[in-house]
Amino acid sequence: MKVIVPANNKGGVGKTKLSILLSEYFSVVLGKKVLAIDFDPQCNFSQRFLSMEIDPASPGGKIPPIYPEYNPKEFEGIGPEGRSSIADIFFGGLVYPYETYIENLDVTPAHADRLLEAESVRRSEVLEKVHKQLGLFLDMPDLKEMYDVVIIDTAPSKGPLTISAIKAATHMVIPSIMEEQPIQGVYGMLQLWKQEALCREPSKPLKLIGVLPNMFRPINLHRDMLQSLRETDFVKQYIMPVSLGARASFSEVDAEGAKPESIFDLPDSSKAKEEALAVCKYIAQNVFEGD
Ligand SMILES: Nc1ncnc2c1ncn2[C@@H]1O[C@H](COP(=O)(O)OP(=O)(O)O)[C@@H](O)[C@H]1O
Ligand SMILES: [Mg+2]
């Protein structure tokens with residue numbers, strides 16, 4: 001089972017967008033069994049595939065819908081009120097992935113308050129209580145049998161949840177806009193990757209697929225930034241040869257009730273679709289190389 005994590009501690013660089021594209025590509029285009037996990041308390045990734053609800057206990061926070069056909073007798077260990085989220089792994093609960101309108105794609109959503117609560121444990125306990133939990137969950141034999149690929153969306157942070165996702169990953173991608181602030185995030189993530197990769201057992205490597213230039217525009221700022229990354233030692237070998245332009249279609253498909261729902265349902269003449277296919281294909285080739 002492959003576990004892919006888009007990460008960058010800067011917000012708005014395309015982590016969620018890439019998580020959505022990869023989930024759709026692996027399930028719809030490649031026919032793989034995919035589990036999408038939302039590890040960001042903002043719940044944007046969950047919202048893409050499920051009708052998330054407003055948390056009455058915490059306005060502004062989102063919670064998953066009640067699990068279909070939930071009844072208290074049959075759903076042992078499920079989250080509060082029969083709402084299942086990935087946060088339940090931090091509270092000794094069981095996770096019940098939700099089916100989506102895509103046949104091969106299941107989702108385990110975020111739960112804003114419970115994820116934040118999980119992350120707020122004492123520093124001395126973070127390692128045991130947060131860092132290791134996702135890895136343990138993904139190591140369950142039943143889960144490994146059910147899914148070929150797991151995509152984990154992360155929050156714009158280097159906090160314990162993001163570390164937990166990186167520790168559970170087999171592959172990492174760093175999306176970034178070609179601008180100063182997001183590129184600082186790239187350097188931070190490259191360091192995190194290196195630290196984690198160095199302490200992995202040889203049989204469980206963490207591969208860096210690379211840095212994905214996103215929302216790329218044909219302006220000097222973006223061209224120059226990309227060029228200078230391609231000339232910088234240590235970084236240059238990680239810049240992916242594919243990129244996503246800043247295109248209206250990428251944000252249009254996110255609107256509620258948008259048609260088509262997916263970039264991959266656009267006509268073949270769409271530039272956005274062409275780029276998304278190239279990026280996802282590149283990532284898929286890297287993920288499955290040697291298999
Ligand atoms: N290549 C792109 N072209 C146009 N809009 C994009 C592109 N990538 C992302 N977006 C939009 O930019 C916003 C931020 O992207 P998002 O994936 O949510 O970033 P992050 O998860 O890193 O915070 C979203 O509204 C998304 O739809
Ligand atoms: Mg996001």
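Both counts, for ligands and for their atoms, begin at 1 and track the order of listing.
Atoms of ligand 1 lying under 4.0 Å from any heavy atom of Val13, numbered from 1 in the order shown and given with element: 19 (O), 20 (P), 22 (O). Within ligand 1, the atoms closer than 4.0 Å to a non-hydrogen atom of Ser251 are 5 (N), 27 (O), numbered from 1 in the order shown. Within ligand 1, counting atoms from 1 as listed, the ones closer than 4.0 Å to a heavy atom of Ala246 are 3 (N). Atom numbering of ligand 1 starts at 1 in the shown order; those under 4.0 Å from a heavy atom of Arg247 are 3 (N), 4 (C). If you number the atoms of ligand 1 from 1 as listed, the ones under 4.0 Å from a heavy atom of Gly11 come out as 23 (O). Here is the list of ligand 1 atoms found below 4.0 Å of a heavy atom in Lys15: 17 (O), 19 (O), 20 (P), 21 (O), 22 (O), 23 (O).
In this structure, atom 24 (C) of ligand 1 has its sub-4.0 angstrom surroundings free of protein heavy atoms. For atom 13 (C) of ligand 1, the nearest protein heavy atom is 4.0 Å or more away. Checking atom 8 (N) of ligand 1 against the protein gives a heavy-atom contact under 4.0 Å.
With respect to the salt-bridge test (charged N to carboxylate O, under 4.0 angstrom), the residues Arg48 and Asp38 do not qualify.
Ligand 1 has no N or O atom lying under 3.5 Å from any N or O atom of Lys10, backbone or side chain. Between Asn214 and ligand 1, an N or O atom pair is found at a separation short of 3.5 Å. The N/O atoms of Gly14, backbone and side chain alike, include one that comes under 3.5 Å of an N/O atom in ligand 1. Looking at Leu244 next to ligand 1, no N or O pair under 3.5 Å apart turns up.
No hydrogens or angles considered: nothing links the side chains of Asp88 and Tyr96 as a donor-acceptor pair under 3.5 Å. For Asn44 and Thr16, the side-chain atoms include no donor-acceptor pair closer than 3.5 Å.
By the criterion of a heavy-atom distance under 4.0 Å, both the backbone and the side chain of Thr16 are placed next to ligand 1. If you look at Leu18 next to ligand 1, there are no close heavy atoms at all, none under 4.0 Å. With a 4.0 Å heavy-atom cut-off, ligand 1 is reached by the backbone of Lys17 and by its side chain too.
Rounded to the nearest 0.5 angstrom, Asp106 CG and Ser23 OG are separated by 11.0 Å. Taking CG of Leu244 as the reference point, atom NZ of Lys271 lies at 12.0 Å (rounded to 0.5 Å). To the nearest 0.5 Å, the span separating OG on Ser164 from CD1 on Ile89 amounts to 6.0 Å.
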Go through it in stages, so that I can follow the logic: the residues are Lys129 and Phe90, the test is side chain to side chain contact (heavy atoms under 4.5 Å, CB included), and I'd like the CA-CA distance, side-chain angles, deciding distance and then a yes or no. CA-CA 7 Å; Lys129 294 207 167 151; Phe90 299 111; over 6 Å; no
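Residue-ligand proximity: Pro156 is placed with every non-hydrogen atom at 4.0 Å or more from ligand 1. The closest approach between any non-hydrogen atom of Gly245 and ligand 1 is below 4.0 Å. Residue Asn44 places no heavy atom under 4.0 Å from ligand 1.
With a 6.0 Å radius and a threshold of 12 heavy atoms from other residues, nucleotides or ligands, Glu53 has its CD atom above the threshold. Within a 6.0 Å sphere centred on CD of Gln237, other residues, nucleotides and ligands contribute more than 12 heavy atoms.
Checking Thr16 against the Mg ion (ligand 2), an N/O/S atom falls under the 2.8 Å cut-off.
The nearest heavy-atom contact from the protein to atom 10 (N) of ligand 1 is Met215 CE, 3.7 Å. Remark: minimum distance from atom 26 (C) of ligand 1 to any protein heavy atom is reached at Asp254 OD2, 4.0 Å.
Nearest approach of Ile78 to Ser84, heavy atoms of both residues: CG1-CB, 4.0 Å.
Under the 4.5 Å side-chain criterion, counting only non-hydrogen atoms from C-beta, Ser85 is not in contact with Ile63.
Under the 30°/60° scheme for interplanar angles, the aromatic rings of Tyr101 and Phe49 are found to be tilted.
Hydrophobic clustering, with ILVMFWY side chains joined whenever heavy atoms are under 4.5 angstrom apart, keeps Met172 apart from Ile209.
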